[in-house]
There are 2 protein chains.
Amino acid sequence: MVRNARKDALENRARIVEAARQEIASSNTTELRLNAIAREAGVGQGTLYRHFPTREALLVEVYRQEVDELVELAPRLLEGAEPVDALARWFDRVAEYARVKRGVLAAVEASVSRDLTTHSLGPIGDALTVLLHAGKTAGQVRDDVDAGDVIILIGYLSRLDEDEWDRRAHRLLRVILDGLRHR
Amino acid sequence: MVRNARKDALENRARIVEAARQEIASSNTTELRLNAIAREAGVGQGTLYRHFPTREALLVEVYRQEVDELVELAPRLLEGAEPVDALARWFDRVAEYARVKRGVLAAVEASVSRDLTTHSLGPIGDALTVLLHAGKTAGQVRDDVDAGDVIILIGYLSRLDEDEWDRRAHRLLRVILDGLRHR
DNA sequence: CGAAGAAGCGGACACGTGTCCACTATATCG
DNA sequence: CGATATAGTGGACACGTGTCCGCTTCTTCG
């Protein structure tokens with residue numbers, strides 16, 4: 001991360017992420033007991049919190065691969081489809097992740113909304129910005145929304161219970177998409 | 001609440017609600033330290049939790065008046081306006097409450113989404129159902145949404161930071177409204 | 001009215017979170 | 001290479017939550 005990081009610091013960091021990954025994999029639940037992870041990683045609480053100030057920061061790291069995939073998917077979709085359709089497909093992919101790896105969206109949402117004001121939306125926000133911009137340029141997406149707005153709106157995905165998912169997740173994404181359309 | 005309630009139980013219940021109300025009034029924050037309220041009300045933790053199993057249950061009680069107002073507003077709006085416009089105005093009113101009395105919507109949202117499956121959406125959900133039904137009948141609102149959907153979508157209001165409010169709250173309500181429109 | 005049983009009470013407890021700070025290991029520089 | 005400043009460590013702690021259960025108080029019924 002930083003230039004002159006200490007060797008043990010990096011090791012600890014890696015060990016924490018690994019412990020978190022395993023914890024998530026084994027318990028397949030959204031819950032994450034931070035202190036348990038610290039224990040499993042063989043570090044103190046303080047160490048964990050210094051490396052990852054918030055639970056979300058840790059989740060972002062754990063799901064980095066998934067996040068990266070979403071990010072690089074956006075421009076690819078734009079090449080092969082109308083902007084609004086690209087957005088729709090991107091939504092579908094987000095939903096897929098949100099369903100299987102519940103932590104992904106929760107992490108993104110929380111970390112983004114934390115500094116919505118700072119205009120730094122993180123990688124996911126940037127990907128969304130690209131999609132929205134294309135949509136606006138093509139006159140398919142309303143002009144008065146930004147990536148932050150959309151992340152706020154689709155945030156419900158991370159709060160949906162498993163048993164409501166099938167009935168609501170995709171339908172509500174379509175409602176939001178229609179709301180985003182230029183009229 | 002129940003028929004044969006014990007006198008002291010009712011007193012305690014009232015005292016808890018009163019303590020909560022004061023706590024909210026004085027600290028004007030969304031936070032609510034349940035144990036502090038129990039202490040102020042002069043009851044044990046157990047007592048508080050028996051009367052109000054969840055933090056939301058307590059908030060609903062605290063904001064009962066506001067909730068009632070929202071409920072009886074819905075049919076009144078329908079008398080004087082097109083269904084979609086009534087819905088829009090009702091949204092505005094919800095936003096107003098969500099801004100000033102942050103707890104209202106948080107409570108409603110949480111308590112509703114807790115038993116979305118049981119088809120009991122609570123009073124607010126019922127009010128919304130009326131609005132949506134009128135809109136669908138008039139062909140102004142899409143047929144494939146229910147009150148639960150809408151509550152989920154507008155739930156972002158209770159999560160918006162004060163400083164993002166002005167920029168996003170109403171705009172996003174309009175986006176949602178557009179998404180709900182029949183097309 | 002007094003006994004009995006049920007409804008309600010309340011505080012101790014187990015657990016998780018996040019902070020703080022005295023200590024330790026590491027990188028750097030003379 | 002050894003001194004030293006400092007980044008990094010880890011665990012104790014203060015706090016909040018929610019549960020559990022032995023005890024108390026109310027109500028009811030003979």
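Just so you know, these numbers use all the heavy atoms, side chains as well, and skip hydrogens, waters and symmetry mates. In what follows, chains are A, B, ... by sequence order, proteins preceding strands, each numbered from 1.
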Check the phosphate of [N] against [X], side-chain N and O only, distance under 4.0 Å to OP1 or OP2. Yes or no?
| X | N | answer |
| --- | --- | --- |
| Arg50(B) | dC9(C) | yes |
| His51(A) | dG8(D) | no |
| Thr47(A) | dG10(D) | yes |
| Asn12(A) | dG8(D) | no |

Going through the distances and angles, do Glu82(A) and Gln140(A) end up as a side-chain hydrogen bond (donor to acceptor under 3.5 Å, both in side chains)? CA-CA 9 Å; Glu82(A) 287 289 289; Gln140(A) 298 176 342; 2.6 Å; yes
Which comes earlier along DNA chain D counting from the 5' end, the contact point of Leu34(B) or that of Gly46(A), where each point is its nearest nucleotide? Gly46(A)
Roughly, in whole Å, what's the span from CG in Leu32(B) to P in dT17(D)? 9 Å
Grab the CZ-C1' distance between Phe52(A) and dT17(C) for me, whole Å please. 17 Å
Expected rows: protein N/O vs nucleotides 13-15 of chain D N/O, under 3.5 Å:
none

Spell out, as yes or no, whether a donor-acceptor pair under 3.5 Å connects the side chain of [X] to the backbone of [Y].
| X | Y | value |
| --- | --- | --- |
| Asp161(B) | Asp163(B) | no |
| Arg142(A) | Arg183(A) | no |
| Tyr156(A) | Leu173(A) | yes |

Tell me which nucleotide among dT17(D), dA27(C), dC26(D) gets nearest to the side chain of Lys7(A). dA27(C)
Out of dT9(D), dG10(D), dT17(C), minimum distance to the side chain of Val43(A) belongs to dG10(D)
Stems with DNA chain C, 3 or more Watson-Crick or G-U pairs in a row (under 3.5 Å), are C:1-30 with D:1-30
